[in-house]
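Being a predicted model, the structure only gives us computed values, none of them experimental. Every chain is numbered from 1, with letters handed out A, B, ... down the list of sequences.
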There are 2 protein chains.
Amino acid sequence: MLKGTLEGVVLTALSTKPTHGYEIVGWLRERGFEDVAEGTVYALLVRIEQRGLVDVTRVPSDKGPSRKVYSVNDLGQEYINEFWATWDTLANRLEAINRGRSR
Amino acid sequence: MLKGTLEGVVLTALSTKPTHGYEIVGWLRERGFEDVAEGTVYALLVRIEQRGLVDVTRVPSDKGPSRKVYSVNDLGQEYINEFWATWDTLANRLEAINRGRSR
DNA sequence: CGCCGGTACCTAGTTTGGCTAAGTACCACT
DNA sequence: AGTGGTACTTAGCCAAACTAGGTACCGGCG
């Protein structure tokens, strides 16, 4: 059911604080997305990079291999705004249906 | 972004009133899902039937070919409950992230 | 020194569930 | 006979999740 929302979520995370994939995974876990696979996140990051929604810089780490730090650019910010707008209308529609259902 | 939610929505619709595919499409259109393709709905109906979430009866129509009327069974109702539960937690998580984002 | 665990990233292949774009067929009405 | 609304079906595509690995860097420990 998550489909499509993960991208918006990750971009939103990156917009408040540019960071790298491994940390994003941890950030997601803290927010209830426990069973999002690492591979999913990395694939997603590749995708948003290819679409030009984020800028990337390599940053060395003292605890392991160098990190790819992603930061949201203008196009990405635009995407984020649209994402939350569509999320909002979808949530409203669903809420209306949920209220009307028989329980 | 709709992915996965359509099923729950359609099943919920069917749980309040058993009906056929063509009417479901209209029902969806009235509730903001204007651009859900007919093919999508019929494919979805086949899916939920194969999973045993609905029972089907053929009902003749005086305006066209006979209708396949779907009604939600116990298993389907269970699915609906789970669907709204997961939707709820997802919506809460998203809302929390949305509140926290920089605008 | 070697290896283990944590950090960090990447890939191939599959499944799911949308989409388009057709086609079929029934019926009423003109 | 043809048109338009009703009603269902199918084949094939694509995005985005998933599984299930692999690679590599680093510090610390025996």
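Rounding to whole angstrom units, OH of residue Tyr42(A) and P of dG22(D) are separated by 17 Å. Across the protein-nucleic acid pair, Trp27(A) atom CH2 and dA8(C) atom P stand 18 Å apart, rounded to whole Å. dT16(C) atom P lies 16 Å from atom CD1 of Ile48(B), rounded to whole Å. To the nearest angstrom, C1' of dT14(C) lies 11 Å from NZ of Lys3(A). Rounded to whole Å, atom C1' of dA16(D) lies 14 Å from atom CD of Gln50(A). To the nearest angstrom, P of dG6(C) lies 18 Å from CD of Glu23(A). We find that CZ of Arg67(A) is positioned 8 Å from P of dC9(C), with the value rounded to whole Å. His20(A) has its NE2 atom 8 Å from the C1' atom of dA8(C), to the nearest Å.
Here the closest heavy-atom approach between residue Arg58(B) and residue Ser66(B) is recorded as NH1-OG, 3.0 Å.
Glu95(B) is linked by a side-chain hydrogen bond (donor to acceptor under 3.5 Å, both in side chains) to Arg99(B), counting only residues two or more places apart in sequence or in another chain. In this structure Asn73(B) satisfies the side-chain hydrogen bond (donor to acceptor under 3.5 Å, both in side chains) test together with Asp55(B), sequence neighbours excluded. Considering only residues two or more places apart in sequence or on other chains, Asn92(A) meets the side-chain hydrogen bond (donor to acceptor under 3.5 Å, both in side chains) condition with none of them.
Through direct or relayed side-chain contacts under 4.5 Å between Ile, Leu, Val, Met, Phe, Trp and Tyr, Val69(A) connects to Val59(A).
Residues from residues 9-17 of chain B with heavy atoms under 4.0 angstrom of DNA chain D: there are none.
Comparing atom distances between the Arg51(B) side chain and each of dA16(D), dT7(C), dG17(C) picks out dG17(C) as nearest.
Residues Trp87(B) and Leu94(A) have side chains in contact (heavy-atom distance under 4.5 Å, counting atoms from C-beta outward). You'll find the side chain of Phe33(A) reaches within 4.5 Å of the side chain of Leu2(A), heavy atoms only.
From Leu14(A), atom CG reaches atom CG of Leu45(A) across 6.5 Å, with rounding to the nearest 0.5 Å. One finds the OG atom of Ser71(B) at 12.5 Å from the NZ atom of Lys17(B) (value rounded to the nearest 0.5 Å).
Applying the 4.0 Å criterion to OP1 and OP2 of dC8(D), one finds that Arg58(B) has every side-chain N and O outside that range.
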- For nucleotides 19-30 of chain C, 5' to 3', base contacts (B), sugar-phosphate-only contacts (S) and non-contacts (-) with protein non-hydrogen atoms under 4.0 Å give BB----BBSS--
